[in-house]
Amino acid sequence: MRIVVLAGGIGGARFLRGLKRAVPDADITVIGNTGDDIHLFGLKVCPDLDTVMYTLGGGINEEQGWGLTDETFRLKEELAAYGVGPEWFGLGDRDFATHIVRTQMLGAGYPLSAVTEALCDRWKPGVRLIPMTDDRVETHVAVTLPDSGSAAGPGERRAIHFQEYWVRLRASVPAEAVVPVGAEQAKPAPGVLEAIAEADVILFPPSNPVVSVGTILAVPGIREAIADAGVPVIGLSPIVGDAPVRGMADKVLAAVGVESTAPAVAEHYGSGLLDGWLVDTVDAGCVERVEAAGIRCRAVPLMMTDVDAAARMAREALTLAEEVRAV
Ligand code: FO1
């Protein structure tokens with residue numbers, strides 16, 4: 001079975017670990033979000049691609065959900081000693097190697113998709129990981145910084161990099177707009193449209209619907225390819241009850257005018273894209289509303305407490321796909 005998954009960071013990676021356990025013989029292609037990418041110390045860092053690669057490759061720092069295990073931060077300390085920031089983004093010594101190799105290969109003219117393939121040769125994630133595009137896309141967030149944190153003076157509206165919003169500010173101020181800068185000019189990376197066209201099923205894992213899945217869908221051609229694929233497209237809600245399971249998805253959902261509820265996210269994707277939607281059992285009362293939007297809906301446990309729980313979710317998604325296909 002050929003499965004295509006649009007994945008962001010931690011939630012997507014943990015779901016993929018369950019999917020691999022649920023259908024070990026499946027051919028899984030992951031279209032990874034690159035809007036979180038940031039250039040630091042002259043290096044290109046791809047947090048969502050690395051989180052998928054490390055999680056499925058067995059190197060992930062499990063508690064954090066990002067970065068590597070057995071990390072040291074000597075390089076970060078030395079950079080800080082030179083007063084070279086930012087200090088708020090924790091790059092470990094082992095992780096630096098990934099960004100050095102990536103930046104070296106990009107500098108030699110390899111596209112990000114080829115670089116990602118080369119890095120995966122080492123980590124062997126057991127899926128094909130393709131960035132959504134080889135072109136530069138970086139998500140920025142419009143905020144009004146209350147204090148003098150803004151060079152433009154307090155109360156001024158500014159656009160800051162997603163990572164600064166997410167990591168330095170911990171999404172503590174409202175996101176007034178979320179803009180995937182460069183998305184309009186970006187082209188799907190080689191293999192992306194082909195994988196979608198050849199897929200037997202397409203999955204939206206419980207990744208952030210705005211800054212992860214939403215950013216992938218913002219690359220011209222990808223949303224259309226999925227809508228036209230003619231195979232079941234099944235999503236899993238990242239919102240349980242009225243709160244995101246992890247991260248601060250509610251902050252960026254508000255920026256695009258979407259309430260932080262399981263049915264609202266399904267409606268945001270729309271029945272033109274989604275054929276089926278899994279909500280958590282606590283949201284069983286919302287099934288009717290989602291079905292009224294033309295999207296088949298089931299309430300199943302959606303807390304990825306361990307790999308087996310994620311595998312059960314994956315099986316539920318594939319079961320719903322078959323029900324949708326049978327219609
Ligand atoms: N997230 C944090 O909350 N704090 C960090 O210092 C941090 C560093 C970091 C370094 C490399 C990397 O690949 C990811 C990192 N993340 C950190 C997570 C990152 O912000 C998120 O994983 C994604 O960008 C959102 O999905």
Side-chain angles (χ1 to χ4, degrees), residues 1-20 26-37 46-53 55-56 112-113 116 125 127-134 137 139 178 180 183 186-239 247 249 252-253 256 265-266 268-270 272-278 295 302 304 310 313-314 317-318 320-321:
M1 179 197 312
R2 290 177 301 241
I3 305 174
V4 165
V5 185
L6 272 60
I10 301 162
R14 288 190 170 155
F15 173 77
L16 282 161
R17 209 165 37 183
L19 180 64
K20 277 178 64 184
D27 167 1
I28 301 171
T29 298
V30 179
I31 299 173
N33 171 43
T34 60
D36 289 9
D37 292 2
C46 301
D48 279 357
L49 296 181
D50 291 348
T51 292
V52 170
M53 184 172 72
T55 301
L56 301 185
L112 182 59
S113 45
T116 305
V127 301
R128 188 171 167 223
L129 176 58
I130 315 177
M132 65 190 199
T133 177
D134 282 336
V137 176
T139 299
V178 176
K187 291 182 301 307
V192 165
L193 297 182
E194 293 81 353
I196 292 169
E198 291 159 14
D200 297 309
V201 61
I202 298 169
L203 301 178
F204 290 8
S207 284
N208 188 304
V210 177
V211 294
S212 294
V213 177
T215 303
I216 298 169
L217 295 172
V219 174
I222 293 183
R223 174 187 289 269
E224 297 79 1
I226 292 171
D228 299 344
V231 295
V233 179
I234 308 296
L236 296 94
S237 177
I239 305 286
V252 290
L253 278 166
V256 295
V265 176
H268 172 62
Y269 283 132
L273 205 51
L274 273 189
D275 298 306
W277 185 246
L278 292 182
I295 300 166
L302 284 190
M304 289 190 284
M313 286 164 53
L318 296 175
L320 182 52

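Please read all numbers here as calculations on a predicted model, not as lab measurements.
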Please determine whether side chain to side chain contact (heavy atoms under 4.5 Å, CB included) holds for the pair Cys46 and Thr116, giving the CA-CA distance in whole Å, both sets of side-chain angles, and the decisive distance to 0.1 Å.
CA-CA 10 Å; Cys46 301; Thr116 305; over 6 Å; no

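- The minimum heavy-atom distance linking Asn33 with Asp36 is given by the pair ND2-OD1, 3.3 Å.
- Within the 4.5 Å cutoff, the side chain of Leu278 has no heavy atoms near those of the Ser237 side chain.
- Applying the side chain to side chain donor-acceptor pair (under 3.5 Å) rule to Arg17 yields the partners Glu62; only residues at least two apart in sequence or on another chain are considered.
- Each of Ile10, Ile239, Leu236, Leu302 was scored for a side-chain contact (heavy atoms from CB on, under 4.5 Å) with Pro206, with one residue passing: Leu236.
- Between Ile31 and Leu6, the closest side-chain pair of non-hydrogen atoms falls below 4.5 Å.
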Take Phe204 and Ile226 through the side chain to side chain contact (heavy atoms under 4.5 Å, CB included) test and state the conclusion after the steps.
CA-CA 11 Å; Phe204 290 8; Ile226 292 171; 4.2 Å; yes

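- Counting heavy atoms from C-beta on, the side chains of Leu273 and Leu217 come closer than 4.5 Å.
- Summarising the geometry of Leu49 relative to Leu129, their closest heavy-atom pair is O-CD2, 3.6 Å, with the distance given to 0.1 Å.
- The shortest distance between side-chain heavy atoms of Tyr269 and Val233 does not fall below 4.5 Å.
- Looking at every heavy atom in both residues, Ala266 comes nearest to Ile295 through O-CD1, 3.6 Å.
- Rounded to the nearest 0.5 angstrom, Ile130 CD1 and Leu112 CG are separated by 11.5 Å.
- Atom CG of Leu253 sits about 7.0 Å away from atom NE2 of His268, to the nearest 0.5 Å.
- Applying side-chain contact (heavy atoms from CB on, under 4.5 Å) to Ser212 and the options Ile216, Thr215, Asn208, Val210 leaves one that passes, Asn208.
- Remark: the backbone N or O of Thr34 is not paired with any side-chain donor or acceptor of Asp48 at under 3.5 angstrom.
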Report all side-chain donor-acceptor pairs from residues 186-197 shorter than 3.5 Å, counting only partners two or more places apart or in another chain.
unit_1 : atom_1 : unit_2 : atom_2 : d
Glu194 : OE1    : Gly191 : N      : 3.1

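- Without hydrogens or angle criteria, Lys20 side chain to Ile28 main chain gives no donor-acceptor distance under 3.5 Å.
- A heavy-atom distance below 4.5 Å is not found between the side chains of Val256 and Pro209.
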Carefully, step by step, assess Val5 and Leu16 under the rule side chain to side chain contact (heavy atoms under 4.5 Å, CB included).
CA-CA 8 Å; Val5 185; Leu16 282 161; 3.8 Å; yes

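- Once rounded to the nearest 0.5 Å, the distance linking CD1 of Ile234 with CG of Leu274 reads 8.0 Å.
- Heavy-atom minimum distance, Pro205 versus Leu203: CD-O, 3.6 Å.
- Of all heavy-atom pairs between Thr55 and Ala13, the closest is OG1-CB, 3.5 Å.
- For the salt bridge (charged side-chain N to carboxylate O under 4.0 Å, His left out) test, residues two or more places apart in sequence or in another chain that qualify with Asp200 are Arg2.
- Considering only heavy atoms from C-beta on, Met1 comes within 4.5 Å of Leu318 through its side chain.
- Residues Gly272 and Ala227 come closest through the heavy atom pair O-CB, 3.6 Å.
- A donor-acceptor pair under 3.5 Å is formed between the side chain of Asp134 and the backbone N or O of Ser113.
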